[in-house]
Amino acid sequence: MTKLELRASLGLAGIYALRMLGMFLILPVFALYAHQLPGGDNPTWIGLALGSYGLTQALLQLPLGMLSDRIGRKKVIYGGLAVFALGSFVAAGAHDLLTLTLGRTLQGAGAISAAVTALLADLTREEHRTRAMAMIGMTIGLTFAASLVLGPLLARLIGVPGIFALTGALSLLALVWVKFAIPDPGVSRFHSDTEANTARLPAVLRDGQLLRLNFGIFALHAAQMAMFVVIPFALIHHGLDKAHHWQVYLPVVVAGFVLMVPAIIYGEKRHQLKKVFVAAIALMAAAQLGMTLALDSLTAIVVLLGGYFIAFNILEATLPSLISKIAPADAKGTAIGVYNTAQSLGLFLGAAAGGWLYSHGGAPFVFAFCSALMLLWLLMAITMRPPRAVRTQMLALPDGWQGNPATLSARLRALHGVEEAVVIAAERVAYLKVAQTGWDEAGASQSIRETQ
């Protein structure tokens, strides 16, 4: 990477991390705080307040990404960060649950993830794009893990309103950072690997393998949000003050990260990703089933949370990889857009369902719901086709390339180790699915030269 590419990648990964902080930092403390506000005596409304962030995210992230193609990436990011900051300050000043819900809704309306990834694509060359996107991916897991530990600690130091105010202030600082530290792209154009193409939506929505993964990310985050409507109250019930909840989350989060790594390496290197994937869903289902029966024991809760976080981290890491392997070469961005929308819907509906079930049947009903989601997902995953042992490769076409895209696509597909190839002249890119090792890269470069 050049210095400019590295600066853009690290800077935009930080912006993305800020968005995730807005979602995750209050997760372990929100339900307890909301319960103390006027209107917070009903868990249904607590769930709606917690999940409202996901609803506006789901509704706006794809449209705002498309808007960034028309008016510019940075303009959309500026607006999104400003709205996110406004929502944070509204939530910080909330004195009742309704105002808190409004603040969370506004936070979600700052849906800049699609515009951020599109800007990153503008600022990085094709051969470094995957590495740049991986930096953003790393921020998601790290932010989630850090938030579960930092949330209770910050709540003790500055209170939940202080956490909201902090995220608002960081959002305003991020706005300045985007203005002065993130380079302006020399050329801004559509990128099929990072942006949603409405013309490719029907194919993506009809793909049964992708639909399984979309349901998976929906179920994973629906269960997550439903669970965190209940878990803070369960820890309080066992005499653990909310200021010390981090002592539960820290060891299980660390265990989840440590044990995730060998599982992912085994799945990718040994081409056993489906086995690892299915095993993680089964572990998640077992943890949720255990929660329905064992909430009367703090030790059992900690052990089951450990299993949950191991499974969560594996699934959170493997799902994007599976999307990349399964999605058509020229529709990866569209597939990811649908996937992200499904995730956001899961955040909203999971929190809403968790609150409603908790108010009507207590914690066992919530975890029975989570278990049902996991078991249904497990059935879908078992019947899923094993993913191909491929990776995405992008090759830039030279400036002024005037060849025939269909001819070059056919030549590339005929090369050893190339399973799929689509040339899009307007983007000056050839999108390939290639074997993880040993594909004919030299032949691909020669084909491009000979067809221009």
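The basis for the numbers below is simple: all heavy atoms, side chains too, and nothing from hydrogens, waters or symmetry mates.
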Could you walk me through whether Gln288 and Leu373 pass side chain to side chain contact (heavy atoms under 4.5 Å, CB included), step by step? CA-CA 10 Å; Gln288 299 288 2; Leu373 284 176; over 6 Å; no
Is Phe277 close to Leu213 at the side-chain level, that is, under 4.5 Å between some pair of heavy atoms? yes
Minimum heavy-atom separation for Ser147 and Pro152, please, with both atom names. O-CD, 4.2 Å
Please say whether more than 12 non-hydrogen atoms of neighbouring residues, nucleotides or ligands are located less than 6.0 Å from CH2 in Trp401. yes
Can you sort out the partners of Glu316 under salt bridge (Lys or Arg N to Asp or Glu O under 4.0 Å), two or more places apart, ordered by chain and number? none
Under a 4.5 Å cut-off applied to non-hydrogen side-chain atoms, are Trp439 and Lys433 in contact? no
Thr334 side, atom OG1; Leu205 side, atom CG - distance, nearest 0.5 Å: 9.5 Å
Straight-line distance of Ser171 OG to Ile15 CD1, nearest 0.5 Å: 8.0 Å
Min side-chain heavy-atom separation Leu220-Ile217 under 4.5 Å: yes
Value rounded to 0.5 Å, distance of CE in Met374 from CG in Leu379: 13.5 Å
Check step by step if side chain to side chain contact (heavy atoms under 4.5 Å, CB included) holds for Met227 and Leu305. CA-CA 10 Å; Met227 188 176 80; Leu305 280 176; 4.1 Å; yes
Donor-acceptor contacts under 3.5 Å from residues 74-93 side chains, at least two apart:
from: Lys74; atom 1: NZ; to: Val178; atom 2: O; distance (Å): 3.0
from: Lys74; atom 1: NZ; to: Ile182; atom 2: O; distance (Å): 2.5
from: Lys74; atom 1: NZ; to: Asp184; atom 2: OD1; distance (Å): 2.9
from: Ser88; atom 1: OG; to: Phe84; atom 2: O; distance (Å): 2.9
from: Ser88; atom 1: OG; to: Gln107; atom 2: NE2; distance (Å): 2.9
from: Ser88; atom 1: OG; to: Thr167; atom 2: OG1; distance (Å): 3.4

If you look only at distance, which donor and acceptor atoms sit under 3.5 Å apart when one is on a side chain in residues 279-287 and the other is two or more places apart or in another chain?
none

Under 3.5 Å, is there a donor-acceptor pair between the side chain of Gln209 and the main chain of Arg385? yes
Drop me the distance from Met260's CE to Ile310's CD1, to the nearest 0.5 angstrom. 11.0 Å
Which distance, rounded to the nearest 0.5 Å, do you find between the CG of Leu345 and the CG of Asn340? 11.0 Å
For residues Gln57 and Gly110, report the shortest heavy-atom separation together with the two atoms involved. NE2-O, 4.0 Å
For Arg129 and Thr392, does a side-chain donor sit closer than 3.5 Å to a side-chain acceptor? no
Residues at least two apart in sequence or cross-chain that pass side-chain contact (heavy atoms from CB on, under 4.5 Å) with Ser9, listed by chain then number, are Met1, Leu120, Thr124, Ala132, Met135
Heavy-atom nearest pair, Asn197 first then Phe190, reads CB-CZ, 3.7 Å
Sorted by chain and number, sequence neighbours left out, ring-ring contact (aromatic ring centres under 6.0 Å, His included) with His221 holds for Phe312
When you compare the side chain of Leu408 with that of Ser447, does any pair of heavy atoms fall below 4.5 Å? yes
Within-4.5 Å side-chain heavy-atom neighbours: Arg212 and Phe215: no
Any donor-acceptor pair under 3.5 Å linking the side chain of Arg428 with the backbone of Asp399? no
Look up atom CZ in Phe218 and atom CG in Leu347, then write down how far apart they are to the nearest 0.5 Å. 10.0 Å
Closer than 4.0 angstrom, basic N to acidic O: yes or no for Glu268 and Arg391? no
Do the side chain of Glu427 and the main chain of Ser192 share a donor and acceptor less than 3.5 angstrom apart? yes
Less than 4.5 Å apart, side chain to side chain, heavy atoms only: is that true for Ile336 and Thr194? no
Could you check if a side-chain atom of Gln61 sits within less than 4.5 angstrom of a side-chain atom of Gln343, using non-hydrogen atoms only? no
Ile163 and Phe30: CA distance, side-chain angles, deciding distance, side chain to side chain contact (heavy atoms under 4.5 Å, CB included) verdict: CA-CA 10 Å; Ile163 294 176; Phe30 184 90; over 6 Å; no
Can you check whether Ile136's main-chain N or O pairs, donor with acceptor, with Thr139's side chain at less than 3.5 Å? yes
Nearest atoms (heavy-atom pairs only) where Gly54 meets Phe348: C-CB, 4.1 Å
Check step by step if side chain to side chain contact (heavy atoms under 4.5 Å, CB included) holds for Lys275 and Arg270. CA-CA 11 Å; Lys275 288 184 179 179; Arg270 300 291 184 88; over 6 Å; no
For Tyr431, all residues meeting ring-ring contact (aromatic ring centres under 6.0 Å, His included), sequence neighbours excluded: none
What are the two closest heavy atoms between Leu123 and Leu4, and how far apart are they? O-CD2, 3.9 Å
So, do Leu27 and Leu50 sit near enough that their side-chain heavy atoms are less than 4.5 Å apart? yes
Looking only at heavy atoms, which two atoms of Arg104 and Ser52 are closest? And how far apart? CB-OG, 3.2 Å
Classify the angle between the aromatic ring planes of Phe144 and Phe309 as parallel (below 30°), tilted (30 to 60°) or perpendicular (above 60°). tilted
